[in-house]
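I have placed the structure first, in the form of structure tokens, so that the comments after it can refer back to it.
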Amino acid sequence: MMTEAKNEQLERMRHSVAHIMAEAVQSLFPGAKFGIGPTIEHGFYYDFELSRALTPDDLPVIEDKMREIIAQDASFVRDEISRDEARTLFSDQPYKLELVDEIPDASLVVYKQGSFTDLCRGPHLASAGEARAFKLTHVAGAYWRGDEKRPMLQRIYGVAFESQEELEEHLSRQAEAARRDHRKLGKELDLFSVHEEIGPGLICWHPKGAVIREIIEDFWRVEHRRRGYDIVYTPHIAKLDLWKTSGHWEFYRDYLYSPMEIEGQEYMLRPMNCLGHILIYKSRLRSYRSLPLRYAELGTVYRYERTGVLYGLARVRGFTQDDAHIFCRPDQVEGELVGVLNLVLFMMASLGFKEYKVFLSTRPDKYAGTAQMWEEATECLKRALERLTLPYAVDPGEGVFYGPKIDVKLEDALGHEWQGPTIQVDFNLPQRFDVCYIGEDGSDHTAVMIHRTVLGAMERLLACLTEHYGGAFPVWLSPVQAVIIPIADRHVGYAQEIAGEFRSEGIRVLVDDRSERMNLKIREAQLDKVPYMLIVGDKEMGSASASLRLRSGEDLGLEGLADVKNRIKVAAEARA
RNA sequence: GCCCACAUAGCUCAGUAGGUAGAGCACGUUCUUGGUAAGAACGGGGUCACCAGUUCGAAUCUGGUUGUGGGCUCCA
């Protein structure tokens, strides 16, 4: 109850600060047209149409004006007026008029403070002087009512808290998030790059990023074989006709790369991996006895994403899905779904993601198949979730046109959400490609097809892992697990001996043999977030040992080589 | 795609009355061989993203292109 009341008060304050900002903008930009100004997580925004574009330099000026307004401490006055009065009041505010016309109530509520009156349900603070710590953070463009066909307004975002301390705490959390940004760490830790010369959204994996990827992919393969998947490889381009048959050309044309002509035939870069898998399935007659068949592929796909949506590794134009397609009988669907969900949970746990949200998306307005098919499949997905006692939320109408799905959103250490694994039942492709099997009765039956990824895409996964761990990857994923630091040049030979021995047992180790001081080498290994530093000098050489330092800064002192080796191997095997 | 901002050495960034460029780190050479987060000196390195325009003269002003960032819309 206490926190609820507190939240309500905070919401009220944030909303009032939005009004105060609007008043400040009104006085600084005469003729401003006002959109809406709601509260959001941590703060608020307000949308305006102004005579000129705002720049970041405008924010402190607006903040100063807001402080003046707060100092004047005008009361927030609630008033109820008729629709006609409202139309008169907002006669020069086209966006407000639009809102007035949409509210069905007979009388409308307005709030007035100082010289500013806004159409607003409230509630608000008693007076402007109750506003507390706030800061305007950034300006951005935003379509009126989120519709890209309507005018773009200028939005000012701000944050507001009950106290200066809370505001500063929030700002420092933001700063920590910026430090963990995978785009920044990707450069610092030498994981990946994108190049103007190659094209936006197309990723080059550097050796260290590639190590992480390779380890995860190897792990993925082993786990899939163990769970009855067959691994396949299929081409990255295919004739355009195939994509017409599948419906991709019709439904996703805006997201496809233009076809290319080869020997008078049009070919297209693949946006999905399914079709190759379907053709493998169809390469011979399938009996009900041989189902389910599970074809898995780390399949690279290319999708044309609009430039404005690209984001580091998390939203790209070429990416590798850990894809698989399960072909099964209707009576096998539920069991398969449970198997996939188990695999998802296992992968998430192995990668260190403890927080995730599960969403079940149901039938949209436009759909393939019959309502009954959707009903049954949705029930199957539900039962599978319930068998694993997984809490989930239903996203009504958010399914893809070809079938219902389960999406898993991961939450990283900073609370960012990432769309990861997805499990989709498909009613479209089996029909279009006549994907069937011979049943017990000797006749053809349409197979059920399940698309699924358990990691999502390798690119997005690396983004997510990097931010989750802040670049300090667990030992099993660390590109370099240990750096051996000889104190003086005469210790390099000993360091290399250790490195050879460790390497032969699968430990990723480097010798920092530069003629630099130990302090520098420690600092750099630390900045590289290498889990173990083995410092070796005269003492260690004489006792077949190394002095062990962890990236946490902890100095574990002298330890026998066998123990060090064992310690690293145990940590790697535990995936810790 | 849309709105706004930004683009200077490999990296992080200085460089506002327009007069052909700087620092730190990194890199190279040399000296130093040092016990738990940066030893020192010297040196190499930039057609100031690209293309036009204004100007006697453009990193600096204008327009366009490309890319990046913050958002909006979108994300099979």
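Here is the naming used below: chain letters follow the sequence lines, and residue numbers restart at 1 for every chain.
- Both A:R155 and A:V194 lie close to RNA chain B; mapped to their nearest nucleotides by heavy-atom distance, the more 5′-ward contact belongs to A:V194.
- For an aromatic pair to be called close, the ring centres must be under 6.0 Å apart, and A:Y402 with A:H451 satisfies this.
- Between A:F401 and A:Y252, the ring planes are tilted. Angles from 30° to 60° get that label.
- A:F251 comes within contact range of no nucleotide atom at all, as no heavy-atom separation falls under 4.0 Å.
- Closest approach of A:R14 to A:I40, counting heavy atoms only: NH1-O, 4.3 Å.
- Nucleotides B:rG15 and B:rC6, compared at atom P, are 13 Å apart to the nearest Å.
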Quick one: what's the B/S/- string for nucleotides 35-49 of chain B, heavy-atom cutoff under 4.0 Å, read 5' to 3'?
BBBBB----------
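- Straight-line distance between the C1' atoms of B:rA26 and B:rU33: roughly 23 Å, to the nearest whole Å.
- Side-chain atoms of A:R432 come within 3.5 Å of backbone atoms of A:T245 as a donor-acceptor pair (strictly under, hydrogens ignored).
- With both pairing distances under 3.5 Å, B:rA5 is matched to B:rU68 as a Watson-Crick or G-U wobble pair.
- Nucleotide B:rG34 has no partner under the Watson-Crick or G-U criteria, as no pair reaches both atom distances under 3.5 Å.
- Summarising the geometry, the separation between CD1 on A:I485 and C1' on B:rU33 is reported as 15 Å, rounded to the nearest angstrom.
- For B:rC74, the base has a donor-acceptor partner in the side chain of A:R315 [N/O atoms by modelled type, under 3.5 angstrom].
- The nearest heavy atom of RNA chain B to A:V309 and to A:R183 marks one nucleotide each, and the one closer to the 5' end goes with A:R183.
- Between B:rC50 and B:rA58, the distance separating the two C1' atoms is 15 Å to the nearest Å.
- Residues of residues 450-466 of chain A that place a heavy atom closer than 4.0 Å to RNA chain B do not occur.
- Scanning atom types as modelled, one donor and one acceptor separated by under 3.5 angstrom connect the side chain of A:Y143 and the base of B:rG1.
- Applying the ring-ring contact (aromatic ring centres under 6.0 Å, His included) test to every pair with at least one member in residues 177-210 of chain A, sequence neighbours left out, gives these pairs: A:H182-A:Y311.
- For A:R155, the salt bridge (Lys or Arg N to Asp or Glu O under 4.0 Å) criterion is met by A:D47, not counting sequence neighbours.
- When each of B:rC72, B:rG70, B:rG1 is scored by its nearest atom to the side-chain atoms of A:Y304, the top-ranked nucleotide is B:rG1.
- Between the CZ atom of A:R317 and the C1' atom of B:rG1 there is a distance of 11 Å, rounded to whole Å.
- Taking the six-membered ring where the residue is Trp, A:H236 and A:Y302 present tilted rings, their angle falling between 30° and 60°.
- At a threshold of 4.0 angstrom between heavy atoms, the contacts of A:G146 are confined to the sugar-phosphate backbone, with no base atom among them.
- As the counterpart of B:rG57, no nucleotide is assigned, since no Watson-Crick or G-U wobble pattern has both distances under 3.5 Å.
- In this structure, CE of A:M152 is placed 13 Å from C1' of B:rG70, rounded to the nearest angstrom.
- Rounded to whole Å, the P atom of B:rG63 lies 11 Å from the corresponding atom of B:rA5.
- In this structure, the CG atom of A:L310 is 14 Å from the P atom of B:rU66, given to the nearest Å.
- Residues A:L153 and A:Y95 have side chains in contact (heavy-atom distance under 4.5 Å, counting atoms from C-beta outward).
- The distance between atom CG of A:D528 and atom P of B:rA26, rounded to the nearest whole Å, is 13 Å.
- Between A:H19 and A:H15, the ring planes are perpendicular. Angles over 60° get that label, and only those under 30° would be called parallel.
- Atom-to-atom, CG of A:D190 to P of B:rC25 comes out at 21 Å; the value is rounded to the nearest Å.
- Atom CD of A:E305 is separated from atom P of B:rG1 by 12 Å (rounded to the nearest Å).
- Atom CD of A:E102 has more than 12 neighbouring heavy atoms from other residues, nucleotides or ligands inside a 6.0 Å radius.
- Considering only the side chain of A:Q424, B:rA76 comes nearest among B:rA76, B:rG1, B:rA26.
- At whole-Å resolution of the value, CG in A:L202 and P in B:rU66 are 16 Å apart.
- Nearest heavy-atom pair, A:D190 versus A:K208, reported as atom, atom and distance to 0.1 Å: O-CB, 3.6 Å.
- A side-chain donor-acceptor contact under 3.5 Å links A:E297 and A:H277.
- Pair assignment for B:rA52 gives B:rU62, based on Watson-Crick or G-U wobble hydrogen-bonding distances that are each under 3.5 Å.
- Using a 4.5 Å cut-off on side-chain heavy atoms (C-beta onward), A:F359 and A:I406 make no contact.
- Closest approach of A:P430 and A:T446 over heavy atoms only: CB-CG2, 3.8 Å.
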Could you run down the sub-3.5 Å N/O contacts of the protein with nucleotides 4-15 of chain B?
from	atom 1	to	atom 2	distance (Å)
B:rU12	OP1	A:K187	NZ	3.4

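- The gap from the P atom of B:rU60 to that of B:rG53 amounts to 14 Å, rounded to the nearest Å.
- A cation-pi arrangement, defined by a distance under 6.0 Å to the six-membered ring centre and an angle within 45 degrees of its axis, is absent between A:R270 and A:Y257.
- When the C1' atom is used for both B:rG70 and B:rC31, the distance is 49 Å, rounded to whole Å.
- Between A:H42 and A:H170, the ring planes are tilted. Angles from 30° to 60° get that label.
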Would you list the protein and nucleotides 59-63 of chain B atom pairs, both N or O, that sit under 3.5 Å from each other?
none

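- Rounded to whole Å, the C1' atom of B:rG24 lies 12 Å from the corresponding atom of B:rA9.
- Comparing B:rG19 with B:rG57, their P atoms sit 14 Å apart, to the nearest whole Å.
- At the heavy-atom level, A:F401 lies nowhere under 4.0 Å from the strands shown.
- For A:K135 (side chain) and A:A160 (main-chain N/O), no donor-acceptor pair under 3.5 Å exists by modelled atom type.
- Across all strands shown, B:rC42 forms a Watson-Crick or G-U wobble pair with B:rG28, both key distances being under 3.5 Å.
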